[in-house]
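In this chain, residues are counted from 1 in sequence order. What you are looking at is a predicted structure, and each value in this text was computed from that prediction instead of being measured.
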Amino acid sequence: MRHHGLDHVMVPELGRSDVLVAEISRLLASPVRATRAVCELRWVNGLFCELDRRMRAGAPLPRTWRAFGCDRGVPPVFRRGIAYDYATDCYDSMREALWKGVGTAQAWKALAEVERCWRRLNDALTERSPLPEPWLRE
């Protein structure tokens, strides 16, 4: 059984997003048995929900993310283009995949999909993609 010790970790506010991203990546990088899939999916969902909440509130980005345009304000919708659509699609896919696993078999399949979606989102933001629409900063 894996213990997720984030509840007990004292992390400075500035580094909290870094810890969430690292923990999501760590959990999804190591496959679990099907019997643990439901718990693992719930845990990843909770971490991502906290990251989502923080990003929507304007918390500092994780240091590994080099998201484009965070310091220049949000361009108008008609000037956003494909990169913004891709980032938002990655975000939407991640949110949707997190809600797919109800039973053990579904959760196990959902974890694999969540891992793919997370990799796309995390890689895009690491490689200077713009932030997804829900995280854009005014």
Side-chain angles (χ1 to χ4, degrees):
M1 178 188 280
R2 291 199 265 188
H3 173 69
H4 308 294
L6 277 183
D7 299 337
H8 307 291
V9 176
M10 296 299 289
V11 180
E13 185 62 24
L14 186 62
R16 183 73 176 149
S17 298
D18 291 317
V19 172
L20 291 167
V21 167
E23 186 67 3
I24 292 169
S25 297
R26 185 187 71 76
L27 289 171
L28 293 174
S30 53
V32 296
R33 293 189 305 263
T35 56
R36 296 277 310 140
V38 173
C39 292
E40 200 78 5
L41 189 61
R42 284 185 189 145
W43 184 254
V44 171
N45 185 39
L47 293 170
F48 187 75
C49 285
E50 176 61 15
L51 180 64
D52 187 28
R53 184 194 65 75
R54 292 179 52 74
M55 293 299 98
R56 287 173 185 257
L61 294 178
R63 286 183 288 254
T64 57
W65 289 358
R66 307 284 185 255
F68 174 76
C70 292
D71 53 348
R72 293 185 234 162
V74 179
V77 175
F78 66 89
R79 295 198 58 210
R80 291 191 187 156
I82 293 171
Y84 284 93
D85 291 343
Y86 180 76
T88 301
D89 180 58
C90 290
Y91 169 87
D92 290 342
S93 297
M94 179 73 179
R95 296 288 301 156
E96 186 177 312
L98 283 167
W99 287 99
K100 283 189 178 177
V102 177
T104 302
Q106 295 93 342
W108 201 50
K109 289 178 187 176
L111 267 175
E113 186 176 346
V114 166
E115 191 277 329
R116 283 189 301 274
C117 293
W118 173 251
R119 193 170 352 106
R120 282 180 58 214
L121 178 62
N122 193 39
D123 288 352
L125 293 170
T126 301
E127 296 168 5
R128 296 204 42 86
S129 169
L131 290 172
E133 182 116 16
W135 295 349
L136 290 176
R137 288 134 194 253
E138 298 297 327

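Using a cutoff of 4.0 Å between basic side-chain nitrogens and carboxylate oxygens, Glu113 and Lys109 are not scored as salt-bridged.
Interatomic distance, Arg56 CZ to Leu136 CG, rounded to the nearest 0.5 Å: 10.5 Å. To the nearest 0.5 Å, the span separating OG on Ser25 from CD on Glu115 amounts to 9.0 Å. Note: Arg116 CZ to Leu111 CG = 10.5 Å, rounded to the nearest 0.5 Å. Atoms CG and CZ, from Leu61 and Arg66 in turn, are 10.0 Å apart once rounded to the nearest 0.5 Å. Rounding to the nearest 0.5 Å places CZ of Arg26 at 11.5 Å from CD1 of Ile24. Between atom CE of residue Met94 and atom CG of residue Asn122 there is a gap of 9.5 Å, rounded to the nearest 0.5 Å.
Every residue two or more places apart in sequence or in another chain was checked for a salt bridge (Lys or Arg N to Asp or Glu O under 4.0 Å) with Arg95, and none qualifies. Legend: residues meeting ring-ring contact (aromatic ring centres under 6.0 Å, His included) with Trp65, ordered by chain and number and at least two apart, are Trp135.
Residues Arg120 and Asp89 form a side-chain contact, since some pair of their non-hydrogen atoms from C-beta on lies under 4.5 Å apart.
Proximity of a side-chain donor or acceptor of Ser17 to a complementary backbone N or O of Pro60 within less than 3.5 Å is detected. Not one N or O on the side chain of Ser129 forms a donor-acceptor pair closer than 3.5 Å with the backbone of Ala87. Side-chain atoms of Asn45 never come within 3.5 Å of backbone atoms of Leu98 as a donor-acceptor pair (strictly under, hydrogens ignored).
For the pair Tyr84 and Pro130, the tightest heavy-atom approach, listed with the atom from each and the gap, is CE2-CB, 3.3 Å. Among all heavy-atom pairs drawn from Leu121 and Tyr91, the shortest one is CD1-N, 4.1 Å. Nearest approach of Ala110 to Ala97, heavy atoms of both residues: CB-O, 3.9 Å. Between Asp18 and Pro62, the closest heavy-atom pair is OD1-CA, 3.0 Å.
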Going through the distances and angles, do Leu131 and Met55 end up as a side chain to side chain contact (heavy atoms under 4.5 Å, CB included)?
-> CA-CA 9 Å; Leu131 290 172; Met55 293 299 98; 5.5 Å; no
Give the C-alpha distance, both sets of side-chain angles, the deciding distance and a yes or no for side chain to side chain contact (heavy atoms under 4.5 Å, CB included) between Val21 and Leu125.
-> CA-CA 11 Å; Val21 167; Leu125 293 170; over 6 Å; no
